[in-house]
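Each residue takes its place number in the sequence, starting with 1. Only this structure's heavy atoms are used, side chains among them; waters, hydrogens and symmetry mates stay out.
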Amino acid sequence: FGKAATAAPRERKETAGKSIANGARKLGEMLRQSVPGVGKMRGQRGQRTVTQMLTTAYSSGLFMLGGPTSPVNRLIIPALKYIVWYCNQNTIDDPKRRSILTALANACLDCQQVQARVILKVYRELTNQHQTFPLQISTFLNALKDQAINDIITLYHHP
């Protein structure tokens with residue numbers, strides 16, 4: 001409890017700093033490219049477009065959950081930046097990119113608590129934090145096993 005309870009967890013090395021230049025602008029472009037009808041989608045009781053809401057959240061977090069330095073927004077902002085970075089790595093017609101951006105857009109039609117849950121859920125899935133520890137270990141060991149098999153095949157079948 002105390003300060004430790006409200007401090008943001010350390011970022012994982014592989015996700016730390018994963019953002020793109022002009023990310024908020026790029027997020028708006030990706031939404032328009034990948035989510036049909038996003039221009040007509042409005043949240044916050046019809047006051048703002050979904051694109052406006054997500055681009056603001058990208059840099060400032062979700063306003064109902066405090067300022068950018070609030071404990072929740074200290075999780076939301078880096079998670080959303082990582083999601084945008086990830087989506088930017090994929091093509092416009094990539095089904096996973098389209099699914100992620102559609103989920104974010106649809107979450108904006110609901111309250112900010114729902115938006116926060118969707119952002120953090122997508123982030124957990126992209127960073128493999130949704131799996132149990134035994135499943136994570138199994139995935140890790142399978143990758144090592146595959147690499148060992150490839151090394152042996154290369155060793156014996158290399159001209």
Side-chain angles (χ1 to χ4, degrees), residues 8-132 135-147 149-150:
R10 293 182 185 154
E11 290 187 63
R12 294 170 54 144
K13 286 183 181 179
E14 62 271 13
T15 64
K18 299 279 186 177
S19 63
I20 56 175
N22 299 315
R25 181 185 57 77
K26 188 65 177 169
L27 173 57
E29 290 173 12
M30 288 191 295
L31 285 165
R32 286 186 287 279
Q33 294 168 343
S34 299
V35 182
V38 75
K40 296 178 183 175
M41 296 172 77
R42 299 185 74 79
Q44 286 181 235
R45 297 180 183 93
Q47 296 174 358
R48 298 180 74 201
T49 66
V50 164
T51 304
Q52 290 172 323
M53 293 171 65
L54 284 169
T55 55
T56 300
Y58 181 89
S59 54
S60 304
L62 301 170
F63 73 91
M64 292 293 290
L65 303 176
T69 59
S70 74
V72 175
N73 280 331
R74 287 174 53 193
L75 297 172
I76 295 296
I77 295 170
L80 191 52
K81 286 183 177 187
Y82 181 82
I83 292 167
V84 170
W85 172 85
Y86 176 86
C87 288
N88 191 53
Q89 304 300 308
N90 296 304
T91 61
I92 293 171
D93 57 344
D94 181 69
K96 187 161 186 160
R97 169 184 160 150
R98 195 170 275 166
S99 172
I100 289 169
L101 293 171
T102 300
L104 293 176
N106 286 331
C108 288
L109 302 177
D110 214 325
C111 67
Q112 287 196 347
Q113 288 81 1
V114 170
Q115 295 166 36
R117 282 196 303 269
V118 169
I119 291 168
L120 294 175
K121 176 182 179 264
V122 169
Y123 176 73
R124 280 192 318 269
E125 289 173 358
L126 292 177
T127 58
N128 207 25
Q129 295 178 36
H130 70 289
Q131 293 184 346
T132 63
L135 191 51
Q136 289 179 29
I137 294 294
S138 174
T139 302
F140 174 73
L141 292 175
N142 278 335
L144 290 176
K145 177 191 74 170
D146 291 343
Q147 182 61 46
I149 291 170
N150 287 338

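Applying the side chain to side chain contact (heavy atoms under 4.5 Å, CB included) test to Phe140 and every residue at least two apart in sequence or in another chain returns Leu144. Take Arg25 and apply the salt bridge (Lys or Arg N to Asp or Glu O under 4.0 Å) test, not counting sequence neighbours, and it matches Glu29. With sequence neighbours excluded, the residues that form a side chain to side chain contact (heavy atoms under 4.5 Å, CB included) with Arg42 are Thr49.
Note: Leu62 CG to Leu75 CG = 11.0 Å, rounded to the nearest 0.5 Å. Once rounded to the nearest 0.5 Å, the distance linking CD1 of Ile76 with NZ of Lys81 reads 13.0 Å. Once rounded to the nearest 0.5 Å, the distance linking SG of Cys111 with CD of Gln115 reads 7.5 Å. In this structure, OH on Tyr58 lies 11.0 Å from CD1 on Ile83, to the nearest 0.5 angstrom. Separating the OG1 atom in Thr55 from the CE atom in Met53 is a distance of 10.0 Å, to the nearest 0.5 Å.
Using a 4.5 Å heavy-atom cutoff, the side chains of Leu101 and Val38 are not in contact. For the pair Leu104 and Leu80, the minimum side-chain heavy-atom distance is below 4.5 Å.
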Open item on the list: Is there a side-chain contact (heavy atoms from CB on, under 4.5 Å) between Asn106 and Met41? Walk through the geometry before answering.
Closed with: CA-CA 8 Å; Asn106 286 331; Met41 296 172 77; 3.2 Å; yes

Task: Intermediate values then yes/no, side-chain contact (heavy atoms from CB on, under 4.5 Å), Lys96 and Asn90 - done: CA-CA 8 Å; Lys96 187 161 186 160; Asn90 296 304; 5.6 Å; no

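Under a 3.5 Å cut-off, the side chain of Gln112 and the backbone N or O of Met64 do form a donor-acceptor pair. Counting only distance, with no hydrogens or angles, the side chain of Ser99 and the backbone of Pro95 share no donor-acceptor pair below 3.5 Å.
Nearest heavy atom pair, residue Arg97 against residue Ser34, reads NE-OG, 3.0 Å.
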